Student: 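Quick one: structure below, then a few questions.
Below, each value reflects all heavy atoms present in this structure, side chains not excepted, and no hydrogens, waters or symmetry copies. From a predicted model like this one, the values you see are computed outputs, not experimental measurements.
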Amino acid sequence: MLGLTQEKLAEAANLSHQTINDIEGCRMWVSDKTIIKLAEVFQIETYQLLLPNILQKSEQKERNETLEQLECNIIRMIKKQFEETAM
């Protein structure tokens, strides 16, 4: 949507072109730091990079439910990690 090439995206995010290529080709797991860099370039919230790309604007209710479920899952995961660390 922004019309960025892999090279321009890599430059804007301070990443290598190969990293962008590997991410797009599903050959690399994306670190939290990389997600943050990409979200900043795209000017979106980081969680939006983790949502399925198939949702359309006409599916607002489904999108909201997906976001609520994602939020609940993240909260459960953080709570579990906190409890495990506290032991």
Student: For L4 and K8, work out which heavy atoms get closest and say how close.
Tutor: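 Reported closest heavy-atom pair: CD2-CB, 4.0 Å.
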Student: Which atom pair, heavy atoms only, marks the closest approach of A13 to L38?
Tutor: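 Scanning both residues, the minimum pair turns out to be CB-CD2, 4.1 Å.
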Student: Output the distance between atom NZ (K79) and atom CD (Q81), rounded to the nearest 0.5 Å.
Tutor: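 Going from NZ on K79 over to CD on Q81, the span is 13.5 Å.
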Student: Hey, does R27 have a side-chain heavy atom less than 4.5 Å from the side chain of N21?
Tutor: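 Result yes, sub-4.5 Å side-chain heavy-atom pair found.
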Student: So, do L9 and Q6 sit near enough that their side-chain heavy atoms are less than 4.5 Å apart?
Tutor: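 Not in contact.
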Student: Measure the CG-CD1 distance between L50 and I74 for me, rounded to the nearest 0.5 Å.
Tutor: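 Taking CG in L50 and CD1 in I74, the distance rounds to 7.0 Å.
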Student: Hey, what do you get for CG (D32) to OG1 (T34), rounding to the nearest 0.5 Å?
Tutor: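 One finds 8.0 Å between CG of D32 and OG1 of T34.
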Student: Side-chain contact test, heavy atoms from C-beta onward, threshold under 4.5 Å: evaluate it for K37 versus V41 and give yes or no.
Tutor: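 Heavy-atom side-chain distance check fails, nothing below 4.5 Å.
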Student: Any chance you could measure N73, atom CG, to E68, atom CD, to the nearest 0.5 Å?
Tutor: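 N73 atom CG to E68 atom CD measures 12.0 Å (nearest 0.5 Å).
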Student: At what distance, to the nearest 0.5 angstrom, does CD1 of I20 lie from CD1 of I23?
Tutor: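 So the CD1 of I20 and the CD1 of I23 are separated by 4.5 Å.
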Student: Could you state the interatomic distance from NZ (K33) to CG (L15), rounded to the nearest 0.5 Å?
Tutor: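 One finds 12.5 Å between NZ of K33 and CG of L15.
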Student: Which is it for F42 and L49 under the side chain to side chain contact (heavy atoms under 4.5 Å, CB included) test, yes or no, and what are the steps along the way?
Tutor: CA-CA 10 Å; F42 295 136; L49 290 172; 3.9 Å; yes
Student: Kindly work out whether a path of hydrophobic side-chain contacts (I/L/V/M/F/W/Y, heavy atoms less than 4.5 Å apart) joins I75 to Y47.
Tutor: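 No, separate clusters.
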Student: Please check if atom CD in Q48 has more than 12 non-hydrogen atoms from other residues, nucleotides or ligands closer than 6.0 Å.
Tutor: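 Yes, CD of Q48 has more than 12 neighbouring heavy atoms, counting only those of other groups under 6.0 Å.
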Student: Under the criterion side chain to side chain contact (heavy atoms under 4.5 Å, CB included), I'd like the reasoning laid out for V30 against T19: C-alpha separation, chi angles, the key distance, then a yes or no.
Tutor: CA-CA 9 Å; V30 185; T19 296; over 6 Å; no
